[in-house]
Engineer: 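Quick one: structure below, then a few questions.
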Amino acid sequence: RRGMDESKPLKIRLTFSVILVGVSLLFAAVVSDHWAVLSPKVEVYNATCEAAHFGLWRLCTKRIYVQEPSAHEKGCGPISLPGESNCSYFKHFTPGESSEIFEVTTQKEYSISAAAIAIFSVGFAIIGTICILFSFRKKSDYLLKPASMFYTFAGLCIIISVEVMRQSVKRMIDSEETVWIEYSYSWSFACACASFILLFICGIILLLIALPRFPQNPWETCMDAEPEH
């Protein structure tokens with residue numbers, strides 16, 4: 001039984017190491033601008049077209065020179081091609097900046113909602129990390145349970161933000177008020193999904209580690225009781 005108790009700190013540290021990877025992916029997703037890539041229909045070749053990629057806070061447009069139609073690409077792009085880039089923060093976050101893509105009221109609401117929920121996710125992850133760092137002190141194991149809950153909440157918040165962003169992109173593509181006909185999700189979107197998986201699963205694992213072990217035999221409870229002085 002002692003061997004099982006001694007392995008508990010190792011399990012906590014291994015789980016925390018995976019959680020740190022999830023937190024890093026979460027921060028990368030929140031601060032980057034490659035959640036989705038949008039492209040308009042290209043009708044004129046040997047000319048420039050304008051593709052866009054955006055995140056929670058900024059929209060970046062890129063003028064790409066299109067030489068000839070591709071068999072599988074009907075839109076403008078791919079975004080990795082060289083071209084002149086221009087990034088600006090969304091108007092609802094910085095007054096004075098303009099972004100025509102998000103002028104529609106519904107898109108503005110989607111964007112603000114996704115950003116707000118992502119901030120909650122970051123906040124939960126930070127609080128969880130503080131709790132688990134303090135739990136490394138002697139007799140502070142009780143902090144593992146709230147830490148696990150905070151990480152689980154962080155994972156749930158970021159996947160909700162992902163779904164809000166997905167609905168936002170879908171509405172933009174379906175809307176007749178925008179020129180975008182093609183879209184794809186990029187590496188920031190993948191980081192957000194991966195952070196959800198790591199934070200949610202590791203949060204549950206951390207909670208299971210923090211829970212006291214039930215006695216396997218009836219006499220274990222009596223044997224583990226401290227002698228009276």
Engineer: Checking the side chain of Thr15 only, and the main-chain atoms of Lys11 only, is there a donor and an acceptor separated by less than 3.5 Å?
Structural biologist: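 The answer is yes, because a donor-acceptor pair under 3.5 Å joins these two groups.
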
Engineer: Parallel, tilted or perpendicular: which fits the ring planes of Phe189 and Tyr185, with parallel below 30° and perpendicular above 60°?
Structural biologist: parallel

Engineer: Which value, rounded to the nearest 0.5 Å, describes the distance between Ile19 atom CD1 and Ser148 atom OG?
Structural biologist: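 Atom-to-atom, Ile19:CD1 and Ser148:OG are 8.5 Å apart.
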
Engineer: Do you know the tightest heavy-atom contact between Cys191 and Ala29?
Structural biologist: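 Closest pair (atom of Cys191, atom of Ala29, distance): CB-CB, 4.0 Å.
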
Engineer: Roughly how far, to the nearest 0.5 Å, is CD of Glu163 from NZ of Lys170?
Structural biologist: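 The CD atom of Glu163 is 10.5 Å from NZ of Lys170, to the nearest 0.5 Å.
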
Engineer: Would you check if Val37 and Tyr183 make a side-chain contact, meaning some heavy-atom pair closer than 4.5 Å?
Structural biologist: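 SC-SC contact between Val37 and Tyr183 ruled out.
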
Engineer: Quick check: is Leu198 connected to Leu208 through a chain of hydrophobic side chains (ILVMFWY, heavy atoms under 4.5 Å apart)?
Structural biologist: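 Different clusters: Leu208 never reaches Leu198 through Ile, Leu, Val, Met, Phe, Trp or Tyr contacts under 4.5 Å.
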
Engineer: For Trp57 and Asp33, indicate whether the former's side chain and the latter's backbone hold a donor-acceptor pair under 3.5 Å.
Structural biologist: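 The answer is no, because no donor-acceptor pair under 3.5 Å joins these two groups.
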
Engineer: How long is the span from the CG atom in Leu211 to the CG atom in Leu144, to the nearest 0.5 Å?
Structural biologist: 10.0 Å

Engineer: Tell me whether Val18 is reachable from Ile12 by hopping between hydrophobic residues (I, L, V, M, F, W, Y) whose side-chain heavy atoms are closer than 4.5 Å.
Structural biologist: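 In one cluster: no.
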
Engineer: Quick check for you: to the nearest 0.5 Å, what is the distance between Ser32 atom OG and Phe54 atom CZ?
Structural biologist: 12.0 Å

Engineer: Determine the minimum heavy-atom distance between Val164 and Tyr110, stating which atoms define it.
Structural biologist: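 In this case the closest contact between Val164 and Tyr110 is CG1-O, 3.4 Å.
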
Engineer: If you round to the nearest 0.5 Å, how far is OG of Ser188 from NE2 of His53?
Structural biologist: 9.0 Å

Engineer: Kindly work out whether a path of hydrophobic side-chain contacts (I/L/V/M/F/W/Y, heavy atoms less than 4.5 Å apart) joins Leu20 to Leu26.
Structural biologist: yes

Engineer: State, to 0.1 Å, how close Cys157 and Phe120 come at their nearest heavy-atom pair, and which atoms those are.
Structural biologist: SG-CB, 4.2 Å

Engineer: Locate the shortest heavy-atom distance separating Lys8 from Ala210; write the atom from each residue and the value.
Structural biologist: NZ-O, 4.1 Å

Engineer: Does the Ser113 side chain pair with the main chain of Glu109, one donor and one acceptor, at a distance under 3.5 Å?
Structural biologist: yes

Engineer: Are the side chains of Leu56 and Ile119 in contact, using a 4.5 Å heavy-atom criterion?
Structural biologist: no

Engineer: So, do Ile201 and Phe196 sit near enough that their side-chain heavy atoms are less than 4.5 Å apart?
Structural biologist: no

Engineer: Using only atom types and a distance under 3.5 Å, with no angle test, would you say the side chain of Trp35 pairs donor to acceptor with the backbone of Val162?
Structural biologist: no

Engineer: Checking the side chain of Ser161 only, and the main-chain atoms of Ile158 only, is there a donor and an acceptor separated by less than 3.5 Å?
Structural biologist: no

Engineer: Do Phe134 and Phe16 share a hydrophobic cluster, counting only Ile, Leu, Val, Met, Phe, Trp and Tyr and linking them when any side-chain heavy atoms are less than 4.5 Å apart?
Structural biologist: yes

Engineer: Would a single hydrophobic cluster contain both Leu14 and Leu25, if residues Ile, Leu, Val, Met, Phe, Trp and Tyr are joined by side-chain heavy-atom contacts under 4.5 Å?
Structural biologist: no

Engineer: What are the two closest heavy atoms between Ile204 and Thr152, and how far apart are they?
Structural biologist: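 Ile204 and Thr152 have their closest heavy atoms at N-OG1, 4.0 Å.
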
Engineer: Hey, does the Lys NZ or Arg CZ of Arg13 hover above the aromatic six-ring of Phe136, less than 6.0 Å from the centre and inside 45° of the axis?
Structural biologist: yes

Engineer: Donor-acceptor check, side chain of Tyr151 to backbone of Val23, threshold 3.5 angstrom: yes or no?
Structural biologist: no

